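First the structure, in the form of structure tokens, and then the observations on it.
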Amino acid sequence: MAKRLTREQRNQQTVTDLINKMFEIAGHDVTYDDIKDRKDNWFHAWTMTWEQNDEWQAWGKKYLQKNHRLSAKMAEREMGMISLMWGLKFEDIVTGDKPISE
């Protein structure tokens with residue numbers, strides 16, 4: 001029989017799974033293991049679109065509901081916080097009619 005994970009181990013596995021899925025959805029060939037020891041702002045090195053972020057948010061919400069037994073509202077809130085902490089920057093941010101990157 002498999003040993004149950006501690007709360008800390010389960011939370012670490014969740015972060016790993018969410019970051020790996022974020023990179024997968026954004027189309028980057030990077031994993032959590034590639035960035036876990038970096039102390040810089042690694043999340044600024046790659047980008048994702050709003051559509052990719054929406055897909056990741058929806059996937060993460062379902063993941064949190066299933067694996068952490070969170071309500072839909074709490075899972076959505078948690079994904080918002082995770083996105084703020086570790087989410088990739090957006091490549092298509094627009095202010096007015098001009099992208100910021102120009």
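None of the values given here were measured: they were computed from a predicted structure.
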Problem set entry | Co-membership, hydrophobic cluster, residues L88 and L84, 4.5 Å side-chain | no
Exercise. Any idea how W50 and F90 line up, ring-wise: parallel (<30°), tilted (30 to 60°), or perpendicular (>60°)?
Worked result: parallel
Problem set entry | Nearest atoms (heavy-atom pairs only) where M48 meets W56 | CE-CB, 4.4 Å
Exercise. So do the side chains of F23 and I35 get within less than 4.5 Å of each other, counting heavy atoms only?
Worked result: yes
Exercise. Just by distance, do the side chain of H28 and the backbone of T47 share a donor-acceptor pair under 3.5 Å?
Worked result: yes
For this session: Using a 4.5 Å cut-off on heavy atoms from C-beta on, say whether the side chain of Q52 contacts that of M22.
Result: no
Exercise. Any chain of hydrophobic side-chain contacts (each under 4.5 Å) joining L5 to Y32?
Worked result: no
Problem set entry | Backbone N/O of T14 and side chain of D17: donor-acceptor pair under 3.5 Å | no
Problem set entry | Where A75 and Q65 come nearest, the two heavy atoms and their spacing | CB-CG, 3.7 Å
For this session: Evaluate the side-chain proximity of W42 to V30: yes if any heavy-atom separation is below 4.5 Å, no if none is.
Result: no
Exercise. Any chance the side chains of E24 and N20 put a donor and an acceptor closer than 3.5 Å?
Worked result: no
Seminar exercise, completed: Between T49 and E91 the two heavy atoms that sit nearest each other are CG2-OE2, 3.1 Å
For this session: Answer yes or no: is there a donor N or O on one side and an acceptor on the other, between the side chain of S83 and the main chain of M79, under 3.5 Å?
Result: no
